[in-house]
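Encoded as structure tokens, the structure appears first; notes follow it.
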Amino acid sequence: MDSVIERNRRVACIGTRRLNDEQKEFCFNWGKTLAELGFVVASGGAEGADLAFMNGALSVGGRVVCYLPWFTYNESEPALKHLNTKKVVY
């Protein structure tokens, strides 16, 4: 069986973590538009632009791929140590 990544076109959406309301709305709407056009929105899921793109896609039933950090990505973030996967598809 094909995975969602193999069946669909995808686009990486990344950006700054510090956005004003207008910029967040732009990213949300762009993620929404990409999903409506059949793209899978791929991102790291960080606060700011990443989440805005992903939430926009999800708001219209679109698909997203969230690439998570690897196990030892950031030793200063103990909350991330339990992660043992590199991507999650919704």
Side-chain angles (χ1 to χ4, degrees):
M1 176 184 267
D2 292 35
S3 74
V4 68
I5 293 174
E6 293 165 338
R7 287 192 316 259
N8 294 291
R9 300 174 294 171
R10 58 195 177 271
V11 62
C13 294
I14 59 170
T16 185
R17 294 179 184 199
R18 296 183 189 129
L19 299 171
N20 62 38
D21 290 341
E22 183 179 341
Q23 293 165 327
K24 279 184 188 176
E25 182 179 359
F26 174 85
C27 293
F28 181 90
N29 288 334
W30 189 234
K32 184 177 167 181
T33 298
L34 289 167
E36 290 171 337
L37 292 172
F39 286 91
V40 174
V41 172
S43 186
E47 183 179 346
D50 290 17
L51 280 179
F53 285 120
M54 293 172 72
N55 286 331
L58 291 171
S59 76
V60 293
R63 300 266 186 167
V64 300
V65 176
C66 182
Y67 288 89
L68 301 173
W70 54 92
F71 182 70
T72 58
Y73 173 71
N74 188 344
E75 294 296 329
S76 67
E77 293 289 341
L80 298 178
K81 290 189 179 231
H82 70 283
L83 299 174
N84 60 6
T85 185
K86 292 187 179 177
K87 64 184 174 186
V88 176
V89 179
Y90 294 96

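Everything quoted here is computed from the prediction, not taken from an experiment. Side chains included, hydrogens not; waters and symmetry mates left out as well; all remaining heavy atoms used.
Closest approach of Gln23 and Arg18 over heavy atoms only: OE1-O, 4.2 Å. Shown here for Gly56 and Ser59, the closest heavy-atom pair between the two residues is O-OG, 2.7 Å.
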Under 3.5 Å, side-chain donor or acceptor atoms of residues 26-34 against the rest of the protein: list the pairs with distances, not counting sequence neighbours.
unit_1 : atom_1 : unit_2 : atom_2 : d
Asn29  : ND2    : Glu25  : O      : 3.3
Thr33  : OG1    : Asn29  : O      : 2.9

Considering only distance and modelled atom types, tabulate donor-acceptor pairs under 3.5 Å from the side chains of residues 35-49, sequence neighbours left out.
unit_1 : atom_1 : unit_2 : atom_2 : d
Ser43  : OG     : Cys13  : O      : 2.8
Ser43  : OG     : Asp50  : OD2    : 3.3

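Each of Leu58 and Leu51 belongs to its own hydrophobic cluster when Ile, Leu, Val, Met, Phe, Trp and Tyr are linked at side-chain heavy-atom distances under 4.5 angstrom.
Partners of Asp21 according to the side chain to side chain contact (heavy atoms under 4.5 Å, CB included) rule, which considers only residues two or more places apart in sequence or in another chain, do not exist here.
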